[in-house]
A.B. asks: 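Structure below; questions to follow.
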Amino acid sequence: MGAISAQPLPNSVCLETPQLSSKSAPRSECPSSRQRQLSSSDNYAYRGQSHSIPSYRHPLQPPKASVPVRHFTGEGKNLEELWQQFFADPSQWWDYRFDKTNVSHPDFKHKHTKEALWIDKRSNPDWVQAELTTLEVGVVQQSTFSWNTAIKQHVRIGHDEKAIHILKQMQEEGLVPDNFTFLWILRACASSGTLEEGRHVHSMVSQQGWESDVFVGSSLVDMYAKCGSIEDAYEAFNKIAIHNSVSWTSLITGYVKCGQAKKGLELYRQMHLEMVKPDSVTYGAVLNACANCLALEDGRLVHAQIIESRCKLDDFVGSCLLDMYVKCGSIEEAWNAFNSMHTRNVVCWTTMIAGYVKCGFGEKALELYHKMQWQCINPDTVTFLAALHACASIAALEEGRCIHSKIIESGRESHSLIENCLVDMYIKCGSIHEAWKVFRNIRKHNVACWTTMIIGYVKHGLGEKALELYKQMLVEQIQPDSGTFLYVLHACASAAALEEGRHIHAHIIHSGCELDTSIEACIVDMYIKCGSMEEASEVFNKIVQPDVVCWTAMILGFVRCGQGQKALQLYRQMLLERVEPDSVTFVAVLTACASISALQEGRRIHVQIIQSGCIMNDFVGSCLVEMYVKCGSIEDAGRVFNNLGSRNVVCWTVMIMGFAKCGFGDTAVQLYHQMQMEKVEPDAVTFVAILNACACISALEEGRCIHAQMLRSGTEHDNFVLGCLIDMYAKSGSIADACRVFNNMKSRDEVAYNAMIGAFSMHGQGKEATRLFEQMCQECLKVNNITFVSVLTACSHACLVAEGLYYFESMNAVYDISATMEHYACFVDLLGRAGQLNEAEIMIERMPYVSIPVWRTLLGACRIYGNVKMGERIAEQLLDMEPENASGYVLLSNIYAAAAGQWDRRDTAQRSSLERQDIMSKQMKNAQCLRTIPCTDDV
């Protein structure tokens with residue numbers, strides 16, 4: 001066997017020196033008299049223990065009483081005879097050359113007689129040095145202590161596999177491990193997680209009878225717990241003869257690390273019942289258990305016990321106490337405990353900073369970070385991470401830049417966690433450029449770093465850039481994880497990149513991540529947002545057991561595609577399969593009800609929401625109010641609104657919008673004032689709703705007051721809100737105010753131009769409307785359906801027939817916009833106002849679809865110009881298309897009234913109208929009677 005290099009022993013290893021005789025021979029050291037104890041840095045479980053450890057005796061060594069012990073060479077034999085005996089049979093000697101901690105210790109010692117030899121002794125014969133050079137390595141056997149020293153050194157530097165290999169070599173040499181060997185080998189198995197090797201060592205421990213030893217037994221418990229076998233750990237604990245705080249702490253720590261914190265707390269209570277006094281390490285383990293299971297009351301009790309036991313609140317226990325209070329959500333008690341600590345190291349400061357970040361107090365966390373530096377406590381890597389998270393939580397970009405500079409000064413900028421956190425901080429602070437700069441300077445990108453950057457691009461609406469980064473990631477042969485796939489699927493959805501989404505779907509299947517339910521739901525959502533409901537349904541149907549997220553994604557997909565009825569059918573199927581809906585599901589089905597005005601279905605879902613307890617969710621409450629509003633039941637909406645516990649700005653806005661939509665503009669304005677009295681700040685959507693309410697009742701002064709509030713709130717730069725403001729002024733009769741708002745806009749988009757063209761149209765200023773339309777085209781702004789509706793209406797009101805005909809024909813020819821029913825109605829109205837009734841009738845007949853409102857428009861024009869013959873013809877067509885609607889007779893009677901000498905025919909038309917109304921009334925009554933008759937065989 002090769003020689004093992006000498007390693008100095010730590011100061012904590014105590015050597016028992018034997019008594020010297022009256023002669024001045026150097027002191028020898030016998031392995032049987034060594035007393036070894038683990039230092040506090042070797043194993044936390046031995047800190048503060050005062051247990052006596054028995055003197056070490058090698059298993060092959062005879063009892064002391066049967067062998068006379070000689071500690072120096074001058075007794076019985078001279079030096080030359082002793083060296084001759086050594087070279088005659090070196091295997092009978094222990095070799096201590098490689099683990100001497102003192103020059104006075106011998107180099108060789110006889111296994112039985114304990115006679116000692118020193119290589120550097122001046123009285124050695126001259127021939128000894130020459131003979132030593134010919135001595136083969138391994139002939140003189142090293143002691144168990146030497147092997148233990150080598151094993152210990154390897155474990156300390158993290159070479160666990162090497163330590164286990166040395167144990168096997170030791171056994172091959174015929175040496176029997178002792179309790180100290182097992183202590184270090186079990187520690188190596190624990191840190192490397194080699195459970196099978198640990199079980200093999202356990203069998204050796206059992207064979208030699210060390211299983212009941214408190215220290216070896218505690219090490220066994222610790223090894224099994226760290227290897228994830230808590231059952232074996234508990235079994236090993238029960239075999240320990242006498243349980244002390246070390247063994248109890250090992251088991252409690254094991255249960256906490258295995259995720260069974262409540263069991264750890266039960267063991268702590270049992271430990272108290274057995275009158276075993278906990279130490280600081282025990283308190284740390286129990287506080288971690290309280291933190292993991294959020295047992296605040298138990299944590300407070302442990303805190304009180306720490307104070308009663310007068311246990312020093314050192315950095316270890318203090319940091320565990322702070323962490324417990326933080327994780328249990330009691331940041332005030334954490335702060336009080338922090339202030340009560342006499343000494344606070346960087347761990348305690350970092351725990352408090354991270355706690356404030358977790359509880360949403362980013363500014364307080366940064367304040368504590370600066371205070372820590374004022375007290376000359378230098379931040380470590382974890383501190384910087386917590387401070388960066390604080391900056392990200394409150395979007396403190398400048399503060400983040402300062403911390404970045406501090407990280408560079410400390411030399412930690414190349415740490416992988418720091419790099420990822422810097423990228424994340426810049427992304428959340430809105431500086432995607434600086435995030436990319438940090439990302440680009442990272443030498444070695446891991447999957448977390450790539451994913452963080454992809455998330456940044458997705459959150460900033462740069463889906464295509466995120467997909468480019470994903471492709472680059474694959475080129476560099478970095479395998480994406482489930483988090484990466486989630487966000488590249490979001491990128492495909494945001495960019496409507498269907499083909500790219502299909503490729504990523506195939507990659508997910510190949511990587512085996514498809515079984516992740518969150519990824520399955522995201523794939524469904526991607527196909528839906530890319531407009532492929534068929535592929536979304538195909539993926540959904542292949543899911544073995546879809547969870548609520550998958551069901552909700554499909555329901556939302558049908559809602560977005562305008563298939564509200566299908567969405568409700570899927571919701572019923574979901575309930576049949578015993579899947580409980582969550583708040584997002586309720587929002588989806590309420591939106592479905594609102595889209596198809598399914599009031600009764602909405603009321604049933606309302607009951608289910610109350611039963612599930614989701615009624616307290618603000619978002620669900622807002623959607624419930626909106627559903628009732630869109631279904632036309634403003635009374636139900638008001639009832640829900642009044643019963644909401646907390647009403648945010650969304651709820652108020654929905655109600656204001658609902659009253660405005662139902663024509664109750666005055667009530668909407670009153671509700672807006674009530675909202676302000678309750679100190680709820682309006683947002684942009686609220687201003688849109690209240691401006692619409694003012695417009696519908698022409699409340700000019702109220703609108704001006706709201707305009708002033710918009711200026712104070714800073715929403716005057718929102719073009720959509722300004723468009724509603726222009727519309728409000730126009731509908732309230734103040735075209736001058738509308739023009740002033742339009743002219744003061746810093747940047748005008750399509751919304752602003754459409755609103756202003758509509759305003760000119762309302763006020764009959766056709767020339768101004770067409771001029772603004774031409775200006776809009778010159779600024780290369782995209783015109784749409786709404787733009788042409790406003791322009792054609794303006795031409796109609798100003799009787800600009802030629803201009804109207806030009807714009808109507810240019811819609812499809814120049815701007816590639818297909819005419820809708822509204823456009824035809826506007827153009828027919830233009831021709832009717834200009835008296836070109838025959839041209840209007842030809843236009844209607846050429847329409848690609850039949851429109852009753854357009855025919856009614858032409859019938860109204862016939863009344864204006866007294867065209868009785870055309871009016872009669874159109875009225876007959878309307879009655880054929882809508883036999884239940886008598887409005888055609890009413891319009892025809894008006895035509896007769898307007899025409900001279902047609903009073904008899906007007907009376908006939910009115911009688912026909914009344915007769916038709918009576919017939920329809922009787923038919924409705926008969927239908928109601930039929931619905932009430934029971935369906936039996938006797939009827």
Side-chain angles (χ1 to χ4, degrees), residues 7 9-10 12-13 34 36-47 49 51 53-54 56 59 144-172 175-258 281-282 285:
Q7 298 286 348
L9 292 175
S12 60
V13 177
R34 291 181 186 272
R36 303 171 179 83
Q37 59 184 20
L38 296 175
S39 67
S40 60
S41 62
D42 294 337
N43 193 324
Y44 73 87
Y46 296 91
R47 288 187 286 179
Q49 304 299 322
H51 306 284
I53 303 176
Y56 175 85
T144 305
F145 177 75
S146 303
W147 289 93
N148 289 347
T149 303
I151 290 170
K152 178 171 66 175
Q153 296 299 332
H154 281 294
V155 173
R156 279 182 168 176
I157 61 177
H159 295 169
D160 300 316
E161 294 181 0
K162 182 65 177 176
I164 295 170
H165 180 67
I166 291 174
L167 172 66
K168 295 176 181 177
Q169 288 182 326
M170 179 180 177
Q171 291 176 296
E172 291 172 0
L175 291 176
V176 179
D178 60 11
N179 55 339
F180 296 101
T181 314
F182 292 131
L183 287 175
W184 288 103
I185 288 296
L186 287 170
R187 182 173 174 178
C189 295
S191 59
S192 62
T194 52
L195 180 59
E196 291 305 318
E197 195 67 45
R199 284 179 173 150
H200 177 66
V201 175
H202 187 183
S203 65
M204 296 166 58
V205 169
S206 300
Q207 291 171 5
Q208 297 190 29
W210 290 107
E211 204 171 17
S212 59
D213 181 81
V214 64
F215 297 111
V216 177
S218 299
S219 295
L220 277 169
V221 172
D222 183 64
M223 181 273 296
Y224 278 125
K226 288 180 178 177
C227 290
S229 181
I230 196 65
E231 296 82 6
D232 290 328
Y234 190 74
E235 186 178 345
F237 173 81
N238 288 330
K239 291 180 180 179
I240 299 174
I242 301 174
H243 297 122
N244 61 4
S245 64
V246 176
S247 57
W248 280 104
T249 303
S250 297
L251 189 62
I252 292 169
T253 304
Y255 272 104
V256 174
K257 288 182 178 178
C258 290
V281 186
T282 314

A.B. asks: Would you check if Phe180 and Ile151 make a side-chain contact, meaning some heavy-atom pair closer than 4.5 Å?
C.D. replies: no
A.B. asks: Could you tell me the separation between the SG atom of Cys227 and the NZ atom of Lys257, rounded to the nearest 0.5 Å?
C.D. replies: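 Between Cys227 SG and Lys257 NZ, I get 11.0 Å after rounding to 0.5 Å.
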A.B. asks: Ignoring hydrogens, what is the shortest heavy-atom contact between Arg199 and Ser229? Give both atom names and the distance.
C.D. replies: NH2-OG, 3.7 Å
A.B. asks: Give the C-alpha distance, both sets of side-chain angles, the deciding distance and a yes or no for side-chain contact (heavy atoms from CB on, under 4.5 Å) between Trp248 and Thr282.
C.D. replies: CA-CA 8 Å; Trp248 280 104; Thr282 314; 5.8 Å; no
A.B. asks: Less than 4.5 Å apart, side chain to side chain, heavy atoms only: is that true for Val246 and Thr249?
C.D. replies: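 Not touching, per the 4.5 Å side-chain cut-off.
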A.B. asks: About how many Å separate CE of Met204 and OG1 of Thr181, when rounded to the nearest 0.5 Å?
C.D. replies: 8.5 Å
A.B. asks: Using side-chain heavy atoms (C-beta onward) and a distance below 4.5 Å, is Ile230 in contact with Tyr224?
C.D. replies: no
A.B. asks: How close do Ala163 and Ala188 get, heavy atom to heavy atom, and via which atoms?
C.D. replies: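 Closest pair (atom of Ala163, atom of Ala188, distance): CB-CB, 4.4 Å.
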A.B. asks: Can you give me the closest heavy-atom contact between Val214 and Ser218, atom names plus distance?
C.D. replies: O-OG, 2.5 Å
A.B. asks: Over all heavy atoms of both residues, which pair between Thr253 and Ala285 is shortest? Give the atoms and the distance, please.
C.D. replies: OG1-CB, 3.4 Å
A.B. asks: Within the 4.5 Å heavy-atom criterion, are Glu235 and Lys239 side-chain neighbours or not?
C.D. replies: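 SC-SC contact between Glu235 and Lys239 confirmed.
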A.B. asks: Measure the CD-CD distance between Glu161 and Glu197 for me, rounded to the nearest 0.5 Å.
C.D. replies: 10.0 Å
A.B. asks: At what distance, to the nearest 0.5 angstrom, does CG of Asp213 lie from CD1 of Ile240?
C.D. replies: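 Separation between the atoms: 8.5 Å.
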A.B. asks: Which atom pair, heavy atoms only, marks the closest approach of Cys258 to Gly228?
C.D. replies: SG-CA, 4.3 Å
A.B. asks: Do His165 and His154 have side chains that approach each other closer than 4.5 Å (heavy atoms only, starting at C-beta)?
C.D. replies: no
A.B. asks: Could you check Trp210 against Phe215 for ring pair (Phe, Tyr, Trp, His ring centres under 6.0 Å), going step by step and ending with a plain yes or no?
C.D. replies: CA-CA 9 Å; Trp210 290 107; Phe215 297 111; over 10 Å; no
A.B. asks: Any donor and acceptor pair, going by atom type alone, linking the side chain of Ser247 with main-chain N or O of His243 inside 3.5 Å?
C.D. replies: no
A.B. asks: Mind listing the closest non-hydrogen atom pair of Ala190 and Met223 along with its distance?
C.D. replies: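 Smallest interatomic distance, heavy atoms only, reads CB-CA, 3.7 Å.
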A.B. asks: Which value, rounded to the nearest 0.5 Å, describes the distance between Cys189 atom SG and Asp160 atom CG?
C.D. replies: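 So the SG of Cys189 and the CG of Asp160 are separated by 8.0 Å.
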A.B. asks: Starting at CD1 of Ile166, measure out to NZ of Lys152 and round the result to the nearest 0.5 Å.
C.D. replies: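 So the gap between those two atoms works out to 13.0 Å.
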A.B. asks: Do Gln153 and His159 pair up side chain to side chain, a donor and an acceptor below 3.5 Å, judged on atom types alone?
C.D. replies: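 On atom types as modelled, these side chains do not qualify, holding no pair under 3.5 Å.
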A.B. asks: Are Leu186 and Leu220 close enough that some pair of their side-chain heavy atoms sits under 4.5 Å apart?
C.D. replies: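 They are in contact (side-chain heavy atoms under 4.5 Å apart), so the answer is yes.
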A.B. asks: Between Leu167 and Pro177, is any pair of side-chain heavy atoms under 4.5 Å apart?
C.D. replies: yes
A.B. asks: Apply side-chain hydrogen bond (donor to acceptor under 3.5 Å, both in side chains) to the pair Ser219 and Asp222, showing each step before the final yes or no.
C.D. replies: CA-CA 5 Å; Ser219 295; Asp222 183 64; over 6 Å; no
